[in-house]
Amino acid sequence: MDENTFWRLIDDCTPPTPDPEGEELAVALTARLSAGPLEDVIGFAEQLAWMLYQLDRRALGEDLSGDGFLYTRAAVVAAGRDTHAAVLRDPRLFTPYARDLIWAESLLYVPDEAYRRITGEEWDRTTRYSYETCSNTEAW
């Protein structure tokens, strides 16, 4: 899955009503990915990890707990491509997510659940980029 396909999938699955914590988005993404080939699930996991890794920067997360920062970065990804790009350009745009503790933790579990639905097995997932807080050492 390339970056454009990833963002198109996020956009297609975004509910029409506000969903700041991404719960409905996660349900829709899991259903969509579960109905497709396993390669899409793996590609989605790689792209999600990359998008979260890009946001893993001291300028954004130094005042948040490790998990809080991860879940807040997930909320930025759940908000879509434009928001993700804007936060990368201007870290001040991350402030409302951090201040208001807008979390989209459920987005993190989408690939694992889709994988389980397709294969019937748990996924011991590894991706090229780690999305864990402070894994982007160059940005910290």
Side-chain angles (χ1 to χ4, degrees):
M1 176 178 293
D2 65 18
E3 188 173 321
N4 289 327
T5 303
F6 172 83
W7 287 119
R8 192 168 35 256
L9 184 60
I10 294 283
D11 189 51
D12 289 349
C13 291
T14 297
T17 57
D19 182 34
E21 296 192 356
E23 296 289 335
E24 292 177 48
L25 173 62
V27 168
L29 285 167
T30 301
R32 178 80 66 90
L33 288 168
S34 298
L38 190 56
E39 293 79 31
D40 286 352
V41 175
I42 294 167
F44 181 86
E46 288 291 343
Q47 289 295 329
L48 177 61
W50 171 237
M51 298 309 155
L52 293 167
Y53 181 85
Q54 290 175 350
L55 293 167
D56 184 22
R57 303 165 177 226
R58 179 182 302 280
L60 301 177
E62 63 185 340
D63 295 328
L64 295 169
S65 71
D67 285 345
F69 183 42
L70 173 58
Y71 305 155
T72 304
R73 286 183 285 137
V76 170
V77 173
R81 181 182 221 154
D82 292 343
T83 300
H84 183 267
V87 168
L88 288 175
R89 281 191 310 275
D90 184 356
R92 292 172 298 178
L93 297 175
F94 188 76
T95 301
Y97 290 88
R99 181 190 60 228
D100 300 336
L101 297 178
I102 301 172
W103 291 2
E105 179 183 3
S106 58
L107 185 62
L108 302 175
Y109 309 121
V110 166
D112 303 292
E113 179 59 21
Y115 183 93
R116 188 190 61 73
R117 288 183 187 182
I118 291 171
T119 67
E121 299 175 4
E122 297 299 316
W123 189 13
D124 185 22
R125 172 171 39 133
T126 56
T127 52
R128 180 175 177 190
Y129 297 95
S130 173
Y131 58 68
E132 294 299 333
T133 297
C134 297
S135 63
N136 185 353
T137 56
E138 291 179 16
W140 281 90

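Side chain to side chain, Thr14 and Asp11 fail the donor-acceptor criterion of an N or O pair below 3.5 Å.
Side-chain atoms of Thr133 and Arg73, non-hydrogen and from C-beta on, do get closer than 4.5 Å to each other. Residues Arg81 and Asn4 are in side-chain contact: their nearest non-hydrogen atoms beyond the backbone lie under 4.5 Å apart. Residues Thr127 and Leu48 fail the side-chain proximity criterion, which asks for heavy atoms closer than 4.5 Å. Here the side chains of Ser135 and Tyr129 are not in contact, with every heavy-atom distance at 4.5 Å or above. A 4.5 Å side-chain heavy-atom check between Thr30 and Arg117 finds at least one atom pair inside the cut-off. Contact annotation: the side chain of Trp50 never approaches that of Glu46 to less than 4.5 Å [non-hydrogen atoms, C-beta and beyond]. Residues Leu9 and Gln47 fail the side-chain proximity criterion, which asks for heavy atoms closer than 4.5 Å. You'll find the side chain of Leu70 reaches within 4.5 Å of the side chain of Tyr131, heavy atoms only.
In this structure, Pro18 and Pro20 approach most closely via the heavy-atom pair C-CD, 3.6 Å. Shown here for Gly80 and Ile10, the closest heavy-atom pair between the two residues is CA-CG2, 4.4 Å. The two residues Ala104 and Ala78 have their closest heavy-atom pair at CB-CB, 4.2 Å.
Cluster membership for Trp103 and Val27, using ILVMFWY side-chain heavy atoms within less than 4.5 angstrom, is not shared.
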- Query: Run the side-chain contact (heavy atoms from CB on, under 4.5 Å) check on Leu33 and Glu113 step by step: do they pass?
  - Reply: CA-CA 9 Å; Leu33 288 168; Glu113 179 59 21; over 6 Å; no

- Task: Take Trp123 and Ile118 through the test side-chain contact (heavy atoms from CB on, under 4.5 Å) and record every step on the way to the result.
- Result: CA-CA 11 Å; Trp123 189 13; Ile118 291 171; over 6 Å; no

- Item | Test log, rule side-chain contact (heavy atoms from CB on, under 4.5 Å), inputs Leu55 and Tyr97 | CA-CA 12 Å; Leu55 293 167; Tyr97 290 88; over 6 Å; no

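Ring geometry for Phe69 against Trp140 counts as perpendicular: the plane angle is over 60°, on a 0 to 90° scale with 30° as the lower cut.
Tyr115 contributes atom OH, which lies 10.0 Å from atom CD of Glu122 (distance to the nearest 0.5 angstrom). A distance of 8.5 Å separates OG of Ser34 from CZ of Arg116, quoted to the nearest 0.5 Å. The distance from the CG atom of Leu29 to the CG atom of Leu107 is 6.5 Å, given to the nearest 0.5 Å. Separation of atoms CG (Leu108) and CG (Asp67) is listed at 9.5 Å; rounding is to 0.5 Å. Atom CZ of residue Arg32 and atom CG of residue Leu25 lie 10.5 Å apart, to the nearest 0.5 angstrom. Note that CZ of Arg57 is 5.0 Å distant from CG of Leu88, once rounded to the nearest 0.5 Å.
Applying the salt bridge (Lys or Arg N to Asp or Glu O under 4.0 Å) definition to pairs two or more places apart or across chains, those involving residues 124-140 are Asp112-Arg125.
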